Amino acid sequence: MTTEAAPIFNPLDPIFRANPYPTYHRLRELDPVQRSLFGSLVLTRYEDCAKVLRSPHASADIERHLGYPERRLFTGEEVPPPTISFRDSSMLNLDPPTHTRLRALTARAFTPKAIDAWRPRMQVIVDTVVDDALAAGGLELIADLAFPFPFQVISELLGIPVSDRDEMRSWSQAITRTLEPMVTLAELRAADTALVAMVGYLERVISDRRRHLGEDVLSGLIAAEEAGDRLSTEELFATVVLLYLAGHETTVNLVGNGTLALLGAPEQAARIRAEPTLDLDVADELLRFDGPVQFTVRVITAPLELDDGTQLSVGEIVMPVLGAANHDPSVFPSPDEVVLQRPDANRHLGFSSGIHFCLGSMLARAEAATAINTLIRRCPTLELAAEPDWSDRITLRGLRRLPLQC
């Protein structure tokens with residue numbers, strides 16, 4: 001009798017990128033804590049992933065704990081030091097107490113009440129795109145809606161002048177490319193140039209906004225105060241850059257992946273058309289089903305034991321696979337099916353968990369629900385006009401193109 005061998009976790013494999021979920025299932029069954037090709041431990045069970053994400057002994061500040069003295073590209077080329085670095089000012093990669101302080105100062109700009117106030121404007125933006133799609137008989141979802149819509153929303157939330165959005169978009173795209181492990185030296189240099197230009201621009205915008213505070217999020221961040229503390233200028237820059245990069249790029253992929261998922265589940269799309277109450281509920285299930293962020297990384301700072309007795313030692317790099325956790329049948333029955341209003345769908349880890357739970361989750365939910373529900377409801381004959389074209393990115397799972405016919 002032969003024993004089935006566990007697959008190798010290899011996000012560089014084109015077949016894996018096209019559909020990673022069969023591999024996740026086999027890993028979870030056969031080798032749920034696998035030593036990856038990159039040296040890290042890959043976790044594919046929900047409880048293991050959740051435990052690491054929620055543990056105070058699993059740090060997101062990888063470089064501070066491991067102290068990388070030298071970094072190299074896959075090609076062997078040395079990574080040049082960046083002209084500007086926000087490593088010590090961006091809450092995405094920081095631990096308490098600095099993370100706690102920055103999050104407290106920033107969170108008040110993203111309350112449910114604040115996001116709800118923007119829903120009518122979101123609806124206007126999406127309706128305009130859908131009007132054009134209906135007149136043309138179709139649209140390319142990513143270029144026409146999924147990319148420009150959340151970018152316009154975050155720009156308007158921050159109060160960035162309309163005339164400058166094309167430059168901000170170009171800069172943010174160049175910087176976002178460096179999130180990939182296969183980034184080239186040319187892309188790193190382009191990103192460095194873009195970040196310098198973006199920060200120079202933000203210096204002028206923030207200086208003007210300090211003198212003329214408004215109702216926008218940037219004004220709120222400038223005025224934010226907690227126990228007499230405020231964001232420093234560098235922390236303010238880092239937060240604005242983070243909002244453009246992390247918030248926008250993930251929402252693009254959520255809208256694209258979620259729309260494609262519903263095209264493959266027509267009975268669920270029919271429910272959206274028939275049930276007006278299926279609004280924000282839609283986002284959580286689609287994020288669970290095929291979320292943009294498939295995995296994240298932590299470094300263990302104190303001994304940590306998983307539920308099956310596996311010991312994680314200090315200095316171990318651990319990769320919780322969020323996409324695998326979100327398809328764990330022990331938590332989500334029939335995980336490979338889209339089930340709107342699924343019980344406990346909001347237990348998904350698509351927004352991470354613990355102290356790094358996504359600060360902009362309410363905004364992402366609102367944007368995705370507005371875009372997807374409007375498109376499904378106003379285009380009752382929506383269907384693929386050509387095969388989906390998946391991006392070659394590894395860190396973020398999403399579509400390059402999704403041509404649709406209305």
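Position 1 is the first residue of the sequence, and the numbers go up from there. These figures come from a predicted structure and were not determined experimentally.
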**Option from Asp307, Val321, Asp308 for which side-chain contact (heavy atoms from CB on, under 4.5 Å) with Arg45 holds** =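 Testing Arg45 for a side-chain contact (heavy atoms from CB on, under 4.5 Å) against Asp307, Val321, Asp308 leaves exactly one candidate, Asp308.
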Please determine, by modelled atom types, if [X] and [Y] share a side-chain donor-acceptor pair under 3.5 angstrom.
X      : Y      : value
Asp216 : Ser219 : yes
Tyr244 : Ser155 : yes
His25  : Asp336 : yes
Thr310 : Glu305 : no
Arg54  : Ser353 : yes
Thr296 : Arg298 : yes

Just by modelled atom types, is the [Y] backbone N or O under 3.5 Å from a matching donor or acceptor in the [X] side chain?
X      : Y      : answer
Arg177 : Ala191 : no
Asn257 : Asp290 : yes
Tyr46  : Pro329 : no
Glu275 : Leu278 : no
Asn373 : Ala369 : yes
Gln152 : Ile125 : no
Thr301 : His57  : yes
Glu285 : Val282 : no
Gln311 : Leu306 : no
His248 : Ser172 : no

**Message:** I need the single residue from Asp284, Thr370, Asn346 that forms a side-chain hydrogen bond (donor to acceptor under 3.5 Å, both in side chains) with Arg365. Which is it?
**Reply:**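 Among Asp284, Thr370, Asn346, the one meeting side-chain hydrogen bond (donor to acceptor under 3.5 Å, both in side chains) with Arg365 is Asp284.
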Work out which heavy atom in [X] is nearest to a heavy atom in [Y]; give both atom names and the distance.
X      : Y      : answer
Ser313 : Ile300 : O-CB, 3.4 Å
Asp144 : Val129 : O-CG1, 3.4 Å
Leu158 : Arg209 : O-NH1, 3.1 Å
Val314 : Ala302 : CG2-CA, 3.6 Å
Ala194 : Ala174 : CB-CB, 3.8 Å
Leu349 : Asn326 : N-OD1, 2.8 Å

Student check: side-chain heavy atoms of [X] and [Y] closer than 4.5 Å:
X      : Y      : answer
Leu402 : Leu384 : yes
Pro388 : Arg400 : no
Val196 : Ile84  : yes
Leu41  : Gln34  : no
Leu404 : Glu383 : no
Ile8   : Phe16  : no
Lys51  : Leu312 : no
Leu134 : Cys379 : yes

**Ile175/Met198 under side-chain contact (heavy atoms from CB on, under 4.5 Å): CA gap, chis, key distance, verdict** = CA-CA 10 Å; Ile175 297 167; Met198 180 183 278; 4.2 Å; yes
**Which residues share a side-chain hydrogen bond (donor to acceptor under 3.5 Å, both in side chains) with Gln173, sequence neighbours left out** =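 Gln173: no side-chain hydrogen bond (donor to acceptor under 3.5 Å, both in side chains) contacts found.
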Measuring from atom [atom1] of [X] to atom [atom2] of [Y], what distance do you get when rounded to the nearest 0.5 angstrom?
X      : Y      : atom1 : atom2 : result
Leu399 : Leu141 : CG    : CG    : 8.0 Å
Phe237 : Leu242 : CZ    : CG    : 15.0 Å
Ser232 : Leu102 : OG    : CG    : 8.0 Å
Leu382 : Leu262 : CG    : CG    : 9.5 Å
Thr374 : Met122 : OG1   : CE    : 11.5 Å

**Prompt:** Passes side-chain contact (heavy atoms from CB on, under 4.5 Å), Thr233 versus Ile206? Steps please.
**Reply:** CA-CA 9 Å; Thr233 299; Ile206 291 171; 5.7 Å; no
**Item:** Phe289-Phe332 aromatic ring centre distance below 6.0 Å
**Value:**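 No, the ring centres sit 6.0 Å or more apart.
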**Asked** Are Tyr21 and His327 close enough that their ring centers fall under 6.0 Å?
**Response**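 Between His327 and Tyr21, which both carry aromatic rings, the centre distance is below 6.0 Å.
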**Asked** Please walk me through it: do Val297 and Ile317 pass side-chain contact (heavy atoms from CB on, under 4.5 Å)?
**Response** CA-CA 7 Å; Val297 179; Ile317 301 176; 3.5 Å; yes
**Request:** With salt bridge (charged side-chain N to carboxylate O under 4.0 Å, His left out) as the test, would you mind laying out the steps for Arg26 and Glu29 before giving the verdict?
**Result:** CA-CA 5 Å; Arg26 292 176 61 212; Glu29 294 168 5; over 6 Å; no
**Request:** Could you please spell out the steps behind the side-chain contact (heavy atoms from CB on, under 4.5 Å) verdict for Leu195 and Trp171?
**Result:** CA-CA 7 Å; Leu195 183 58; Trp171 295 330; over 6 Å; no
**Request:** Any chance you could lay out the salt bridge (charged side-chain N to carboxylate O under 4.0 Å, His left out) test for Glu235 and Arg101, step after step, and finish with the verdict?
**Result:** CA-CA 11 Å; Glu235 290 165 349; Arg101 170 181 164 271; 2.8 Å; yes
**Request:** For the residue pair His348 and Phe351, categorise the inter-ring angle as parallel (less than 30°), tilted (30 to 60°) or perpendicular (more than 60°).
**Result:**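 Geometry flag for Phe351 against His348: tilted rings.
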**Asked** Is it true that atom CZ of Arg189 has more than 12 heavy atoms of other residues, nucleotides or ligands lying nearer than 6.0 Å?
**Response**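 No, because the 6.0 Å sphere around CZ of Arg189 holds 12 heavy atoms or fewer from other groups.
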**Request:** Assess whether atom CD of Glu267 is packed by more than 12 heavy atoms of other residues, nucleotides or ligands within 6.0 Å.
**Result:**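 Yes, because the 6.0 Å sphere around CD of Glu267 holds more than 12 heavy atoms from other groups.
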**Request:** Taking only Lys NZ, Arg NE, NH1 and NH2, and the carboxylate oxygens of Asp or Glu, determine whether Glu337 and Arg342 approach each other closer than 4.0 Å.
**Result:**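 The answer is no: the pair does not qualify as a salt bridge.
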**Asked** Are Arg397 and Trp390 in a cation-pi setup, meaning NZ or CZ lies under 6.0 angstrom from the ring centre and within 45 degrees of the ring axis?
**Response**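 Judged by the rule (NZ or CZ under 6.0 Å from the ring centre, within 45° of its axis), Arg397 counts as positioned above Trp390.
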**Message:** Please determine whether salt bridge (charged side-chain N to carboxylate O under 4.0 Å, His left out) holds for the pair Arg35 and Glu316, giving the CA-CA distance in whole Å, both sets of side-chain angles, and the decisive distance to 0.1 Å.
**Reply:** CA-CA 11 Å; Arg35 180 72 62 185; Glu316 187 81 73; 2.5 Å; yes
**Item:** Full working for salt bridge (charged side-chain N to carboxylate O under 4.0 Å, His left out) between Asp127 and Arg378
**Value:** CA-CA 9 Å; Asp127 279 335; Arg378 293 192 58 197; 3.3 Å; yes
